[in-house]
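Nothing here was measured: the structure is a model prediction, and the numbers come from that model. Note on naming: letters A, B, ... go to the chains in the order of the sequence lines (proteins, then strands), and numbering restarts at 1 for each one. Excluded from the calculations below are hydrogen atoms, water molecules and symmetry mates; all remaining heavy atoms, backbone and side chain alike, are included.
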Amino acid sequence: MGMLDLRFVRERPDVVARALALKHVEADLPRLLALDAKRREVLAAVEERKAERNRASERVSVLRREIASLEKALAEATGTAAFAARERIQACEDEIAGLISTTRSLGSTIDEQESLLREIDAELASLLLTLPNVPHASVPEGADENDNVVVRSWGTPPSFDFQPKAHWDLGPALDILDFERASKIAGSRFVVNKGAGALLERALINFMLDLHTRRHGYREIFPPFMVNSATMTGTGQLPKFKDDMFHVENTDYWLIPTAEVPVTNLYRDEILAPGSLPVYHCAYSACFRAESGAAGKDTRGMIRVHQFNKVELVKFVPPETSYDELESLVHDAEEVLQLLNLPYRVVLLCTGDMSFASAKTYDLEVWLPGQNRYREISSCSNFEDFQARRANIRFRREPKSKPEFVHTLNGSGLAVGRTAAAIIENYQQADGSVVVPEVLRPYMGGMAYITPGA
RNA sequence: GGAGAGGUACCCAAGCAGGCUGAAGGGGACGGUUUGCUAAACCGUUAGUAGGGGAUAAACCCCUAGCGAGGGUUCGAAUCCCUCCCUCUCCGCCA
């Protein structure tokens, strides 16, 4: 989420209209443009009156001082001098009376115009939020996910000489995933990881964080898992996606749906100093999602749950490099899958399937033998300055130069639960045990196999 | 949770019996003088920002807002009133 530059909308309504069509978004662009014109008209009028009021107030102040000094002089003056002073004082007081009465009526006009302006601003702001980001020129046009483009594939889906099972069968059989008890203590769409299952989850988190911090140059952040409304608004979860999130009753706290929220908001309302870009952050967090619109979808297993773990990658970069940064971000996420030797493909989302805020998005999809299909495991996007404008994150190129909006990017690196599911399914053996990928063994006390009860 | 103190520019800090104070004074930073170099000393500069308008190749100029945030009183608010937020100290409670 985020917003476009009002000036850009004013100057290039054609581009905005095209983006609306490409992303299948409805918005009242003509009304927005009309309000914008109206706003500037009223603003000019109200500011002219304020300037007038300020001049009058200053004049009152000057006159008051003059009166004061005249009164002092009057004490010693006599005859014609005293008479002249009294005359002058009277003239000043008359002028003050006149100034006050005109300024008073000026004030009420200002009040009226300002409240009109507030109404216009409010509607304009909410209309501006209905405009999606403009897709980058390299994004294929298309209606829905069927028009997405597979950019590359890596690895080969394993062939089994037995019928491969889904992780929701394998996990409980190994007693490393417990959906039944999860549903007892919390509800549906939760999972309890046990023994080697818990260890696997923890190992994956550490493995991913180590990879991104030590080899890819990201700085680790461990953020709060609850944030306030201002933060949720900064990255656009509020007000639009209120129902997709969990709210803590009687507080202003919301459970984060992704670490992107706290991490992107770290620099909200800040101007980053020259030389501080690019900033690369990675963050583990639990993610909480209400999945309100997903009834009946992925009800089994840990593909779609209310709480899952994720390692998120977030970048703040100067505008000119953001598309190169997107490519490297995708590679950083891909490397996790390569090192784990999990087959996947990279999909470039078409205009109709990409999110509201994104200018360009690649999805990583991992092969899940149990479902015999690729499933999304990471989504990497360049938001350009769309998020930064809303969250007001800027930077300076030189100590004296004008602040500019940064470009923000983020991507999962990766969704941990889905990665665990992919490992369980891709590394399953005929006897129901699971081979532990080489790179994870150091993180699991050397464990090479997950066997029942491990 | 109880009690107190406080939020002013890059930092510290004065102003708070309303008016040439959008802000004294330090520090820092930047520029200059001096100097073989450095240091010191001296001089100068230093709200940044947002919005609107004007001029333009640009530099620039004008207006408005802005002293934690939002309201109110007033001709006029950093200054008076109300609400909220945050920070610090002490006590209590805890991991």
Q: Just call it for A:Arg65: base, sugar-phosphate, or nothing, with non-hydrogen atoms closer than 4.0 Å on any strand.
A: base

Q | Separation of the C1' atoms in B:A24 and B:A78, to the nearest angstrom | A | 14 Å

**Q.** Distance-only donor-acceptor test, A:Glu47 side-chain atoms vs B:G53 base atoms, 3.5 Å
**A.** no

Q: Would you mind telling me which of B:A50, B:G51, B:G19 lies closest to the side-chain atoms of A:Ser61?
A: B:G19

Q. Is any side-chain N or O of A:Asn54 closer than 4.0 Å to OP1 or OP2 of B:U64?
A. yes

**Q.** NZ/NE/NH1/NH2 to OD/OE distance under 4.0 Å, A:Arg18 and A:Asp14
**A.** no

Q: Check every strand shown and say whether A:Arg394 touches a base, only sugar-phosphate, or nothing at a heavy-atom separation below 4.0 Å.
A: sugar-phosphate

Q: Please measure how far the P atom in B:A13 lies from the corresponding atom in B:G7, and state the result in whole Å.
A: 8 Å

Q.
Using atom C1' in both nucleotides, what's the gap between B:C86 and B:G70 to the nearest angstrom?
A. 15 Å

Q: Would you mind reading off the distance between A:Asp121 atom CG and B:G52 atom P, rounded to a whole angstrom?
A: 10 Å

Q.
Treating A:Ser358 as the side-chain partner and A:Met354 as the backbone partner, does any N or O pair qualify as donor plus acceptor under 3.5 Å?
A. no

**Q.** Partner nucleotide of B:U45 by Watson-Crick or wobble geometry (both distances under 3.5 Å)
**A.** B:A29

Q) Looking across every strand, which nucleic acid part, if any, lies under 4.0 Å from A:Ala56 by heavy atom: base, sugar-phosphate, or nothing? A) nothing

Q. Taking atom P in both B:A77 and B:A58, what distance in whole Å separates the two?
A. 38 Å

Q: Rounded to whole angstrom, note down the P distance from B:U56 over to B:C75.
A: 42 Å

Q: Starting from the C-alpha separation in whole Å, work towards a yes-or-no answer on side-chain contact (heavy atoms from CB on, under 4.5 Å) for A:Tyr253 and A:Val227.
A: CA-CA 5 Å; A:Tyr253 298 136; A:Val227 297; over 6 Å; no

Q. Across the strands shown, which category fits A:Arg118 at heavy-atom distances under 4.0 angstrom: base, sugar-phosphate, nothing?
A. nothing

Q: Compare side-chain N and O positions of A:Lys50 against OP1 and OP2 of B:C62 and report whether any pair is under 4.0 Å apart.
A: no

(Q) What I want to find out is whether A:Lys194 reaches A:Asp175 closely enough, with some N-O distance under 4.0 Å, to be called a salt bridge. (A) yes

Q: Write down the distance between CG (A:Asn228) and P (B:C85), rounded to a whole number of angstrom.
A: 12 Å

Q) Taking it one step at a time, do A:His216 and A:Glu335 satisfy side chain to side chain donor-acceptor pair (under 3.5 Å)? A) CA-CA 10 Å; A:His216 299 150; A:Glu335 198 174 338; 2.7 Å; yes

Q: Could you pick out which residue, A:Arg64 or A:Ala44, lies toward the 5' side of RNA chain B when each is mapped onto its nearest nucleotide?
A: A:Arg64

Q: Determine the Euclidean distance between corresponding C1' atoms of B:A29 and B:C11; express it in Å to zero decimal places.
A: 11 Å

Q: Measure the distance from CD on A:Glu66 to P on B:C20 and round it to the nearest whole Å.
A: 17 Å

Q.
Rounded to whole Å, please give me the gap between CD1 in A:Ile110 and P in B:C63.
A. 16 Å

(Q) So A:Thr103, base contact, sugar-phosphate only, or nothing? Heavy-atom distance under 4.0 Å. (A) sugar-phosphate

Q: Please give the nucleotide sitting opposite B:G70 as a Watson-Crick or G-U wobble pair, both distances under 3.5 Å, or none.
A: B:C82

Q.
Between A:Arg40 and A:Arg396, which residue's closest nucleotide on RNA chain B lies nearer the 5′ terminus?
A. A:Arg396

Q. In whole angstroms, how far is the P atom of B:G68 from the CG atom of A:Asp269?
A. 17 Å

Q | Gap in Å between the two C1' atoms, one belonging to B:G48 and one to B:U38, rounded | A | 33 Å

**Q.** NZ/NE/NH1/NH2 to OD/OE distance under 4.0 Å, A:Asp178 and A:Arg181
**A.** yes

(Q) What contact category does A:Leu99 fall into here, base, sugar-phosphate, or nothing, at under 4.0 angstrom with non-hydrogen atoms? (A) nothing

(Q) Applying the Watson-Crick and G-U wobble criteria at under 3.5 Å, what pairs with B:A5? Answer none if nothing qualifies. (A) B:U87

**Q.** Closest to the A:Leu43 side chain, choosing from B:C75, B:A50, B:G51
**A.** B:G51

(Q) Please name the nucleotide paired to B:C60 by Watson-Crick or G-U wobble geometry with both distances under 3.5 Å, or report none. (A) B:G54

Q: Mind calculating the distance between CD (A:Glu114) and P (B:G66) to the nearest angstrom?
A: 9 Å

Q. Is it true that a side-chain atom of A:Arg389 and a backbone atom of A:Met3 form a donor plus acceptor pair closer than 3.5 Å?
A. yes

Q) Pick one for B:A17: is it syn, with its angle within 90° of 0, or anti? A) syn

Q.
Give me the distance, rounded to whole Å, that separates B:U21 from B:U8 when you measure between the C1' atoms they each carry.
A. 12 Å

Q: Specify the separation, in whole Å, of atom CZ of A:Phe405 and atom C1' of B:A50.
A: 10 Å

Q.
Can you measure A:Asp94 atom CG to B:C75 atom P for me and round it to whole angstrom units?
A. 18 Å

Q: Verify, without hydrogens or angle tests, whether A:Arg268 (side chain) and A:Ala388 (backbone) share a donor-acceptor contact under 3.5 angstrom.
A: no

(Q) By the 4.0 Å heavy-atom rule, please label A:Arg7 as base, sugar-phosphate, or nothing. (A) sugar-phosphate

